[in-house]
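When a ligand or atom number is given, it counts from 1 through the structure's own listing order.
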Amino acid sequence: MVHVIDHPLIQHKLTMLRDKNTGPKEFRELLEEISSLMVYEITRDLPLEEIEIETPLKRTKGKVLTNKEIGIVPILRAGLVMAEGILKLLPSAKVGHIGLYRDHETLQPVQYYTKLPEDIDKREVIVVDPMLATGGSAIAAISILKARKVKKIKFVCLIASPEGVKALEESHPDIEIYTAAIDEYLDENGYIVPGLGDAGDRLFGTK
Ligand code: PRP
Ligand code: URA
């Protein structure tokens, strides 16, 4: 199932991010801020338990998060900045990394690095990557996690294409997808339109 998180603050920052005149420093800050804001929706179903505490006035019951262990897995490179934004609100999460890049000719993902927490199979995992274009990278990353016996996985992006959502839902129907926008279409080079261009290059100034 796909959840579009279209809170006004997120839409405002996303528009600034899309603007081609926004440089790498501001782009990184905006992406990190949006990722933090998205955490409220992504974690809406986290389990709570009741505990007893004492306020200065009386003994009462309050709710706290159960010891639900979370893993955050950015897809390199562009997922790194999203992971920082999410970690601000989930500071005890462990972080794994999956390195994938799209072959420019075939648009197929090429895997070059994987480092995951040893206990990843016991964690609820949030995979992050700003762009869901053909869906190839997200599908490959989630397959890697499933091969490591991860049971609950959420995929969080900033902009999805309709084609990417369809491909991901077909390959991994059990995954919840969270995005700030679903754009119009994928162009012949596999870019999301209107999109924001190449997320990695805009984040790190590589082009
Ligand atoms: C971008 C983006 C995703 C992928 C999405 O990364 O960050 O990982 O493309 O495209 P897909 O849905 O068609 O797989 P890229 O491959 O450019 O690597 P980079 O982050 O290292 O620049
Ligand atoms: N990767 C990006 O960074 N941008 C796109 O539009 C598609 C894939």
Quiz item: When you measure from atom 6 (O) of ligand 2 to every protein heavy atom, which one gives the shortest distance, and what is it?
Solution: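 Going by distance alone, atom 6 (O) of ligand 2 is nearest to I192 N, 2.8 Å.
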Self-check item: Residue, atom name and distance, where the atom is the protein heavy atom closest to atom 16 (O) of ligand 1
Solution: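 Answer for atom 16 (O) of ligand 1: R102 N, 2.8 Å.
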Flag [X] as yes when one of its N or O atoms lies below 3.5 Å from any N or O atom of ligand 1, and as no otherwise.
X: P130; value: no
X: Y112; value: no
X: G135; value: yes
X: Y101; value: no

So does [X] pair up with [Y], basic N to acidic O under 4.0 Å?
X: R59; Y: E52; result: yes
X: E69; Y: R123; result: yes
X: E169; Y: K166; result: no
X: E32; Y: K88; result: yes
X: K152; Y: E176; result: no

Under 4.0 Å from any heavy atom of [X], which atoms of ligand 2 are there?
X: A199; answer: 2 (C), 3 (O)
X: R102; answer: 7 (C), 8 (C)
X: G197; answer: 2 (C), 3 (O), 4 (N), 5 (C), 6 (O)

Self-check item: Passing candidate, side-chain contact (heavy atoms from CB on, under 4.5 Å) with L116, options L145, V150, D121
Solution: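 So, applying the side-chain contact (heavy atoms from CB on, under 4.5 Å) to L116 and each of L145, V150, D121, only L145 qualifies.
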Quiz item: Are the side chains of M82 and L31 in touch, meaning some heavy atoms are under 4.5 Å apart?
Solution: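 Heavy-atom side-chain distance check passes, below 4.5 Å.
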Quiz item: Does A138 come within less than 4.0 angstrom of ligand 1, counting non-hydrogen atoms of the residue?
Solution: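 Not so, A138 does not reach ligand 1.
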Practice problem: Output the list of atoms in ligand 1 that are nearer than 4.0 Å to some heavy atom of G136, sorted by atom number. | Solution: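 In order of number, 12 (O), 14 (O).
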Self-check item: Sub-4.0 Å atoms of ligand 1 with respect to non-hydrogen atoms of L76
Solution: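 Answer for ligand 1: 20 (O).
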Per [atom], closest listed option by heavy atom ([options]):
atom: atom 4 (C) of ligand 1; options: S137, S161, A167; value: S137
atom: atom 5 (C) of ligand 1; options: H104, M131, R202; value: M131
atom: atom 17 (O) of ligand 1; options: I98, D198, I159, L186; value: D198
atom: atom 7 (C) of ligand 2; options: G200, G190, P130, S137; value: G190

For ligand 1, note which part of [X] has a heavy atom under 4.0 Å away: side chain, backbone, both or neither.
X: D201; value: neither
X: D129; value: side chain
X: A78; value: both

Quiz item: Is the side chain of R77 donor-acceptor paired with the backbone N or O of F204 at a distance under 3.5 Å, no angle test?
Solution: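 Checking the backbone N and O of F204 against the side chain of R77, no donor-acceptor pair under 3.5 Å is found.
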Practice problem: Would you kindly specify which portion of A133 sits under 4.0 Å from ligand 2, judged on non-hydrogen atoms: side chain, backbone, both or neither? | Solution: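 Side chain only; the backbone of A133 stays clear of ligand 2.
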Exercise. Look at the aromatic rings of Y112 and Y101 and report parallel, tilted or perpendicular, splitting at 30° and 60°.
Key: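 The rings of Y112 and Y101 sit tilted, inter-plane angle from 30° to 60°.
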Exercise. Would you confirm whether any non-hydrogen atom of the protein falls under 4.0 Å from atom 1 (C) of ligand 1?
Key: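 Within 4.0 Å: no protein heavy atom nearby.
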Exercise. Mark whether atom 14 (O) of ligand 1 lies under 4.0 angstrom from at least one protein heavy atom.
Key: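 Neighbour list for atom 14 (O) of ligand 1 includes protein heavy atoms (cut-off 4.0 Å).
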Practice problem: Considering non-hydrogen atoms only, spot the tightest contact between T22 and M16 and give its length. | Solution: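 Looks like OG1-O, 2.6 Å.
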